[in-house]
Amino acid sequence: MTTDTPTDVFEEHRPVLLGVAYRMLGRVADAEDVVQDAWLRWAGADRSEVREPRGYLVRITTRLAVDRLRRIKARGETYVGPWLPEPCPTDFGDTVPDTAERAVLADSVSLAVLVVLESLSPLERAVFVLREAFGYPYADIAALLDRGEPAVRQLAGRARRHVEERRPRYRVDPARRRELTERFLAAAAGGDLGALMELLAPDVRLVGDSGGKARGPLRVLQGADRVARFLTGVAAKGVPDLSVRFLELNGGPAVLALSGGRPDAVFQLDVADGRVRTVYVIRNPDKLRSLAAAP
């Protein structure tokens, strides 16, 4: 006999549900809304018929996320400048002890992968997330989505090919990535053009997401000289009452810049062969709100 309350059961699985919803939507607030809707469904359900609560809750959450993603795409909203996912803290702590599993989860939530996932159909994205990030068997995914297993395998294959063609093909030791991030920050903040040029790959890209609500490039900048001069130019202008904090966001080290104690920008790097390949800069204030209380 179990004495777990409906709330206890739901809270046990909340991290997985948030993980599924965030990977599906790329937006923290939307993911939290979906999980809240899943809770309402769970609280009102006839739980005597539920043999496997985790599977039941993942099914509800996935279907709600698919529906929300379809509505977002149907609205066809235009976004000012490049779009990046909302940054999300991902300190797995002791909840994911296995190194291989931790690496898979971190990769599946990286900014680079989430940008690629944005171009998939809602069903392709759901299948990819459930299969690649959480390791669900095809038969289980078919049941979760009310689809035949052959159709699910086809969706998975199409999504995997799409992602593999566009995702970064390199993995970097987290300690090495942190070291390069620290050197990048010192060079950029100090306006040291030479040091930046040594760190940047010749074809480096800077992707800035301001959403038209903060100062930032409205197109992707490419090339070491162009990116370095942009960063030193930003440093020269200065930020009032600037402080910085290192966080783990989206599976990797990131820098949170604060102005007067308020989140002003997030910087995160993709690196390979000891050089920075992509600089991600998020300045849209709507996407930084959730980091205001970050430790």
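Side-chain atoms are counted along with the backbone in the values below, which use heavy atoms only and exclude waters and symmetry mates. Position 1 is the first residue of the sequence, and the numbers go up from there.
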Per the side-chain contact (heavy atoms from CB on, under 4.5 Å) rule, which among V244, V281, L249 passes with V255?
V244
Is the shortest heavy-atom distance from the side chain of V28 to the side chain of R289 under 4.5 Å?
no
Determine, using the 4.5 Å side-chain heavy-atom cutoff (strictly less than), whether F134 and V58 are members of one ILVMFWY cluster.
yes
Please determine if D209 and R283 form a salt bridge, counting it only when a charged side-chain N lies under 4.0 Å from a carboxylate O.
no
Do V50 and W39 belong together in a cluster built from hydrophobic side chains that touch within less than 4.5 Å?
yes
Between atom NE2 of H13 and atom CG of L18, what is the distance when rounded to the nearest 0.5 Å?
13.5 Å
Kindly indicate, with the supporting measurements, whether the criterion side chain to side chain contact (heavy atoms under 4.5 Å, CB included) is fulfilled by L196 and T232.
CA-CA 9 Å; L196 272 175; T232 54; 3.7 Å; yes
Can you name the nearest heavy-atom pair linking L144 to G55, along with the distance?
CD2-O, 3.5 Å
Applying side chain to side chain contact (heavy atoms under 4.5 Å, CB included) to D30 and I72, what does each step give before you reach the verdict?
CA-CA 11 Å; D30 283 354; I72 291 170; 3.7 Å; yes
With side chains defined as the heavy atoms from C-beta onward, is the minimum distance between E12 and D8 less than 4.5 Å?
no
Quick check against the 3.5 Å criterion: does W42 have a side-chain atom that pairs as donor or acceptor with the backbone of P6?
yes
When rounded to the nearest 0.5 Å, the distance separating CG of L17 from CD of Q36 is 12.0 Å
Pairwise distance CG(L145) to CG(L155) - rounded to 0.5 angstrom
8.5 Å
Quick check: are there more than 12 heavy atoms from other residues, nucleotides or ligands sitting under 6.0 Å from CZ of R176?
yes
Provide the closest heavy-atom pair for P285 versus A214 in the form atom of the first, atom of the second, distance.
CD-CB, 4.5 Å
Could you measure the distance from the NE2 atom of H162 to the OG atom of S121? Nearest 0.5 Å is fine.
10.0 Å
Polar contact flag, side-chain donor to acceptor under 3.5 angstrom, S210-R215
no
Give me the atom names and distance for the closest heavy-atom approach of T61 to A38.
OG1-CB, 3.6 Å
Looking at D67 and R71, is any side-chain nitrogen of the basic one under 4.0 Å from a carboxylate oxygen of the acidic one?
no
Is there a chain of hydrophobic side chains (I, L, V, M, F, W, Y, each step under 4.5 Å between heavy atoms) that links F230 to V204?
yes
Scan R158, R131, R161, R147 and name whichever one has a salt bridge (charged side-chain N to carboxylate O under 4.0 Å, His left out) with E124.
R158
Do L247 and P89 have side chains that get closer than 4.5 Å, going by heavy atoms?
no
Using a cut-off of 6.0 Å, state whether more than 12 heavy atoms not belonging to R47 lie near its atom CZ.
yes
Donor-acceptor contact present, side-chain S108 to main-chain A133, <3.5 Å:
no
Which heavy atom in P85 sits nearest to a heavy atom in L114, and how many Å separate them?
CG-CB, 3.4 Å
Under the criterion salt bridge (Lys or Arg N to Asp or Glu O under 4.0 Å), I'd like the reasoning laid out for R125 against E118: C-alpha separation, chi angles, the key distance, then a yes or no.
CA-CA 8 Å; R125 190 164 181 168; E118 194 70 10; 2.9 Å; yes
The reported gap from OG1 in T278 to CD in Q222 (rounded to nearest 0.5 angstrom) is 9.0 Å
Is L218 reachable from L221 through a run of I, L, V, M, F, W or Y residues, each pair having side-chain heavy atoms under 4.5 Å apart?
no
Less than 4.5 Å apart, any side-chain heavy atom of V239 and any of V234?
no
Looking at every heavy atom in both R23 and L117, which two are closest together, and how far apart are they?
O-CD1, 3.9 Å
Ion pair check, D270 and R205, cut-off under 4.0 Å
no
With heavy-atom distances below 4.5 Å as the criterion, would you say the side chains of P122 and K73 are in contact?
yes
In the structure I gave you, are the side-chain heavy atoms of L242 and S259 within less than 4.5 Å of one another anywhere?
no
Ring of Y22, cation from R27 - is the NZ or CZ under 6.0 Å from the centre and inside 45° of the axis?
no
Exercise: identify the closest heavy-atom pair between A235 and A189
CB-O, 3.9 Å
Going through the distances and angles, do Y56 and E49 end up as a side chain to side chain contact (heavy atoms under 4.5 Å, CB included)?
CA-CA 10 Å; Y56 180 86; E49 300 295 322; over 6 Å; no
Any chain of hydrophobic side-chain contacts (each under 4.5 Å) joining F10 to V34?
yes
My understanding is that only residues two or more places apart in sequence, or in another chain, count here; which of them pass salt bridge (charged side-chain N to carboxylate O under 4.0 Å, His left out) with D203?
R277
Determine the sole option in N284, N250, L256 for which the side-chain contact (heavy atoms from CB on, under 4.5 Å) test with V266 is passed.
L256
Determine yes or no for a side-chain-to-main-chain donor-acceptor pair under 3.5 angstrom, with R166 supplying the side chain and V113 the backbone.
no
Measuring from atom CG of L288 to atom NZ of K213, what distance do you get when rounded to the nearest 0.5 angstrom?
11.5 Å
Has the side chain of R275 got a donor or acceptor atom that lies under 3.5 Å from a matching backbone atom of L200?
yes
In terms of heavy-atom contacts, does CZ of R160 have more than 12 from other residues, nucleotides or ligands at under 6.0 Å?
yes
Please tabulate, for the side chains in residues 180-187, all donor-acceptor contacts under 3.5 angstrom to protein atoms that are two or more places apart in sequence or on a different chain.
residue	atom	partner	partner atom	Å
T181	OG1	R177	O	2.8
E182	OE2	R178	NE	2.8
E182	OE2	R178	NH2	3.3

T62 side chain to R59 backbone, donor-acceptor under 3.5 Å:
no
Taking the side chain as every heavy atom from C-beta outward, state whether V220 and L206 have any atom pair closer than 4.5 Å.
no
